[in-house]
Structure formats: structure tokens, C-alpha cells
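Order of the sequence lines sets the chain letters (A, B, ...), proteins ahead of strands, with each chain counted from 1. Keep in mind the model is a prediction, meaning the values are calculated, not measured.
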Amino acid sequence: MDEEPERAKRWEGGYERTWEVLKEDESGSLKATVEEILFQSKRRRVIESHEQVRLGMMRHLYVVIDCSRSMDDQDLKPNRLTSSLKLLEAFVGEYFDQNPISQVGIITTKNKRAEKLTDLSGNPKKHIDALKKAVDSVCAGEPSLYNSLNLAVQSLKHMPGHTSREILIILSSLTTCDPANIYELIKTLKSLKVRVSVIGLSAEVRVCTVLTRETGGLYHVILDESHFKELLMMHVKPPPFDLETPSTTPFLETQICLSLGGYFCPQCHAKYTELPVECKVCGLTLVSAPHLARSFHHLFPLQAFTENSVEEHQGDRFCQACQGELKDKTIFTCTSCQSVFCMECDLFIHDSLHCCPCCIHSQIGP
Amino acid sequence: MCADDEVSLLVIVVDVNPIWWGQQAQREPEFTLSKCLDAVMVVGNSHMAMARTNKLAVIASHCQDSHFLFPSKSWRGADNGGDDASSSGDGKYELLSVANNLIAEEIRNVMSKSEYKGNSTETLLAGSLAKALCSGQEMKSRILVIKAAEDCARQYMNFMNVIFAAQKQNILIDACVLDSDSGLLQQACDITGGLYLKIPQKVALGQYLLWVFLPDLEQRSQLVLPPPAHVDYRAACFCHRNLIEIGYVCSVCLSIFCNFSPICTTCETAFKIQLPQMVKPKKKKLKQPT
């Protein structure tokens with residue numbers, strides 16, 4: 001195997017004096033420190049990268065869920081399987097919200113075999129229904145990484161080159177039962193440009209580290225349920241577009257046509273009840289303009305606002321978005337129009353709105 | 001009936017484009033900006049009178065800026081109780097008379113003091129809607145847009161961002177259109193689940209507002225309201241701005257084109273055309289005699 005950068009393991013590092021982070025104020029209360037920690041964690045999400053990187057908008061993602069015996073463990077309430085399925089329902093909803101022209105498929109693995117729960121499709125309802133039904137299934141046997149990856153790759157390798165091919169594995173077991181050499185499969189995955197990421201529920205497993213490193217994915221192990229949710233939401237954002245491979249057919253013929261009660265493909269007039277969908281008769285991809293518009297904020301991300309303390313601010317003490325009084329200690333200023341906002345408005349603007357309310361008035365959009 | 005302590009906010013966004021209203025005053029003197037604001041005050045008062053916990057906000061959308069007519073910053077800062085000047089003496093609920101006076105005063109300030117450069121006849125509604133969304137964050141709210149002038153094509157992307165943010169927060173956007181149909185507002189109403197109505201007679205604005213737009217979401221299921229409009233979801237191509245049905249989309253930057261071209265003009269990605277595969281002639285293996 002090739003050399004890997006050796007990260008220091010936690011037990012190899014020095015002592016961390018975590019108790020020193022908490023500081024009491026004069027009355028002995030920790031309230032100020034707790035608020036500061038919450039504030040920092042909220043801001044962390046907003047400050048993450050805003051560089052102009054080309055992102056892959058059309059994604060084909062397979063989610064592999066481990067349904068082995070270890071998922072019966074009750075360290076996540078009520079057990080790991082129920083908790084994971086519930087979080088995945090939220091993940092699927094959020095994924096289609098941020099990537100409306102992408103597709104998701106679900107695979108489960110137990111008893112040394114892998115099975116497709118749902119095929120690759122762009123309809124969130126189908127996946128959510130399947131996840132709800134899967135809660136009743138029994139967790140048994142051992143998972144098989146090789147079989148699940150193989151099953152996913154069978155469909156992914158037929159996908160066109162300009163779309164991203166991804167697999168996300170939720171692995172709770174520390175073992176895997178494979179019929180053949182998994183390192184060969186890893187080489188195949190690398191040549192097919194499939195990006196595999198793993199979220200571990202128990203501990204770090206070396207084969208997953210190698211798998212994710214070779215294919216360019218992310219590997220994390222959860223600490224608790226809220227960390228699990230955070231890690232899942234990290235995969236909702238589109239990954240950077242792979243610049244080394246020039247796309248084979250980046251143009252897709254799409255249509256935008258509709259009528260009351262259903263949508264008609266403009267080429268063959270086949271009727272469909274929802275969009276986006278690939279026409280089964282003529283192969284045309286059918287989308288509507290709002291689907292494409294939903295992805296625009298990834299292409300034109302909003303810059304982070306600068307933080308200032310409220311005492312330094314000379315003008316009115318009013319937030320220019322919600323007209324509320326500026327009660328927090330810090331205020332946020334937009335770098336282009338110099339308007340001030342309170343913390344809630346800043347979070348709302350960066351999470352949901354993706355545009356500064358005051359800059360809109362002077363902006364000339366595309 | 002909703003719970004007693006549930007706060008429900010109605011944000012009315014009024015298009016006060018001075019060019020359109022000026023032309024309107026010449027076309028039809030019976031219906032001017034002040035008549036329109038009278039109707040807005042009536043529906044605002046009615047909303048606040050429906051329940052003690054109902055709240056109101058009014059935003060005036062100008063050519064290059066948007067202003068909160070109510071509640072205004074000066075009112076928030078001042079002492080809420082014991083304001084003698086506001087009592088109208090006719091037994092009206094104090095909050096309503098304060099609101100009306102403030103709206104009248106603020107609109108006078110806005111119309112006389114706002115400067116605008118250029119002669120665009122379009123109003124930037126996206127900014128007002130964004131401010132409306134920020135103000136209605138913690139409570140159940142809905143937005144009513146009264147639109148006069150034409151759509152501004154420049155604000156398409158920001159408008160769509162605002163619509164998706166409203167949909168995520170479950171905020172309805174209703175639209176009451178006075179003059180020309182607006183494709184953007186039709187999409188907004190369709191996506192968020194609100195009502196779109198183009199008024200046939202402008203002088204009856206107050207009646208339409210009270211009949212169609214005053215009831216909130218739970219009450220609307222009991223009423224027979226105007227049917228939804230047919231929304232044109234076709235996109236415009238980036239090269240000619242024509243509405244197209246079939247087109248080409250760049251997978252990197254999502255720009256839409258009506259004709260195939262080897263380079264995307266927005267992100268300058270070069271595309272490869274997939275040629276039919278060449279079939280190599282198969283070499284037959286000669287069987288070796290055993």
C-alpha cells in the first residue's frame with residue numbers, strides 16, 4: 001500500500017485541559033460562556049468556504065445503510081437503526097431541496113449480502129416512504145462492504161460523465177464480510193471516478209480510511225446524534241467539480257413545458273405528473289426553470305458579513321432587515337452595501353435567503 | 001379558530017413607483033395612490049381587529065429602495081403608552097388610529113424625500129420581500145403584495161431566492177395585481193401556495209382585498225376563491241432572452257441556451273460531443289486442433 005499521512009491519534013497527543021475553556025463570571029454563573037460557545041458554533045457554519053469553486057450540480061448518490069446486528073445497539077435512542085433512518089429522511093428532504101436535479105438511491109446490507117431498497121430516482125417521496133417502512137426490518141448478520149459497493153457501481157457506471165457519482169456509507173459494524181479482495185474494487189472505483197464517503201457509528205476502521213482516501217471522499221466517526229446530523233448535512237452541499245476529467249456530454253437537452261394537471265414532454269407528448277423526470281419514451285430530461293433556479297445560490301454564494309461590536313457602530317441602533325433593535329453584542333455589516341444586521345437576520349440571510357436584502361436594490365443580477 | 005396566543009403577522013408590500021402612479025393619476029383620477037393606501041389601511045385595520053395577537057407591517061417598495069411604513073423606527077423607540085396626540089377622539093381602537101397616522105406620515109416622507117436616478121419604470125420588489133421575510137421570522141406570517149408597475153427582469157435570481165426562502169419558512173405570498181400580469185409573482189404564488197389575482201376594476205381595490213386576501217390559510221379552505229392562474233414556467237435562454245421549451249443546459253453553471261455550441265459563454269467550459277463509438281473488427285480466434 002502507498003504511504004499515508006500519519007495523523008496523530010488522540011492518545012498520542014498531549015493533555016488537553018478542556019476545563020479551562022469554561023470561565024465563570026463574578027456571580028459564578030456560566031451563562032456567558034455557554035452563550036459564547038453556542039454563538040461560535042452558529043458562526044462556524046456561515047464562515048465555511050465561499051470561494052468560487054465549480055460545483056457538480058447533477059449528482060447521483062447511493063446511500064448504503066448498514067443493517068447488521070450492531071445497529072441494534074441502543075447508544076443512539078431508541079436504537080441505531082431507527083435513529084439513522086429518521087436522520088436520513090431529513091437528509092433526503094434537504095438534499096432534494098439543495099440539489100433539485102439530482103438523484104438518490106438507497107441500498108441496505110445485512111447477512112453478508114446487499115439489497116437495493118430504492119432505485120436511483122429524483123422523487124423524494126418514494127425514498128422517504130421506503131425509509132419509513134425499513135424501520136420495522138430486523139438487524140441481523142454482518143454487513144458486506146464489497147457487495148454493497150459492487151451493487152451501487154453496477155448502476156453508477158452507466159451514468160453520463162458530467163454528473164457526479166457518489167456513494168455515502170453509514171457503517172456501524174467494525175467488520176465486513178467480502179467475497180473478494182476489496183482493494184481491487186477500490187482501484188475500480190477510483191478509475192470510474194466514484195467518490196465514496198463513510199460515516200462511522202462505532203470507531204475508525206482502516207479499510208474505510210483507505211477507501212475514502214483513495215476515492216477522494218470524507219470519513220468521519222460520530223460523537224453523538226447531533227454530530228451525526230451535522231455530518232449528514234455536510235454531504236448535502238454539492239462537492240467540487242472534478243476539473244481533471246473533461247466532461248463527455250455536459251450539455252443536456254432539457255425541456256420546460258407544462259399544462260394544468262400534468263406535464264407533457266415537448267418532444268413526444270408523454271404525460272408525467274411531476275418534475276424533474278427523465279422521459280421514458282424519448283430519453284429527454286424534463287425540468288422546470290425553478291429547479292435550476294434553486295441551484296443558483298451555489299454558483300453565486302453570498303460573502304460572509306464582517307463582525308463588529310455594537311458600541312463601535314455610529315448610526316441607528318436598528319437592524320436594516322427586520323427593523324428590530326440591535327440587542328446583541330455583535331452586529332454584522334455587509335461588505336458591499338455597509339448595512340448592519342442583527343445575528344438572527346445574519347443567520348437567516350446566509351442559510352435560507354442567500355442574498356443581502358439591501359444589496360438587491362442596487363444589484364444587476366444575471 | 002387558531003389558538004388564542006398565536007401571533008399572526010400580515011406584511012403588506014405596496015408598490016409606490018412614482019412614475020407609474022403619476023401616469024395613473026392622469027389616466028384615471030378616481031384611483032390615485034392615496035385611494036390605494038386607504039384600501040391598504042382598511043385591510044390592515046381589519047386584520048388587526050380580527051384578533052388581539054394579530055400584527056401588521058407595511059412596506060413601501062420604491063424604484064431603488066424599500067421603506068417600512070409601519071411599524072416605523074421612531075414609533076418603536078418612543079414610549080408606547082400615554083401618547084395624547086394619537087387618540088382620535090371618535091372611540092376608535094387606539095392602535096388602529098396610530099397605525100393609520102403613521103402610515104400616512106411615512107408615505108408622505110417617502111414620496112417627498114426619495115430621490116431616484118434614471119427613468120426606470122420598474123420596481124424592485126425582491127428587496128422588499130426579503131425585508132418582509134426577515135421581519136417575520138419567529139412567528140406565523142404571510143405577505144400580501146400589491147403590484148402596480150411592471151416586472152424588473154434584472155431581479156429574477158434574487159426573486160427566486162426569496163421565493164424559495166419563503167417556501168422553506170412556510171410563508172404564503174399573495175399577489176394583487178393592478179395593471180399588467182407578472183410572471184414572477186405568479187410563480188411566487190404557485191410555489192408558496194398563495195393567491196394571485198389581477199383586479200378588473202382598480203377603484204374596488206378595497207373590496208377585493210377584504211374579500212379575497214383578508215382570510216388566512218385555515219379560513220380559505222371554507223371559501224370559494226378565484227381559481228389559480230396558469231403559470232408559465234418556461235425559462236428564457238441566456239443568449240436571446242426568448243422563452244424556450246427545449247434547450248441545452250450547461251451542467252457546470254446551469255446556463256440555458258437555445259442552440260448547441262461547443263463552449264459555454266458563461267463559464268467557458270469546453271464541451272466534447274459524444275461521437276458514435278467505432279466498432280473494431282473482431283479477430284476470430286482459430287481453434288487449435290487437439
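- Taking the side-chain hydrogen bond (donor to acceptor under 3.5 Å, both in side chains) definition, one finds that A/Asn123 meets it with A/Glu274, sequence neighbours left out.
- Listed in order of number, the residues of residues 162-170 of chain B that approach chain A to under 4.5 Å between heavy atoms are B/Val162, B/Phe164, B/Ala165, B/Gln167, B/Lys168, B/Gln169.
- Most heavy-atom pairs under 4.5 Å with chain B: of the set A/Pro290, A/Cys358, A/Ser352, this distinction falls to A/Pro290.
- Atoms SG and NZ, on A/Cys345 and B/Lys131 in that order, are 11.0 Å from each other to the nearest 0.5 Å.
- Within a 6.0 Å sphere centred on NZ of A/Lys229, heavy atoms belonging to other residues, nucleotides or ligands number 12 at most.
- Between atom CD of residue A/Glu344 and atom SG of residue B/Cys134 there is a gap of 11.0 Å, rounded to the nearest 0.5 Å.
- Scanning both residues, B/Ser135 and A/Cys322, for their nearest heavy atoms gives CA-CB, 3.7 Å.
- Between the CD1 atom in A/Ile349 and the CG atom in B/Asn161 there is a gap of 12.0 Å [rounded to 0.5 Å].
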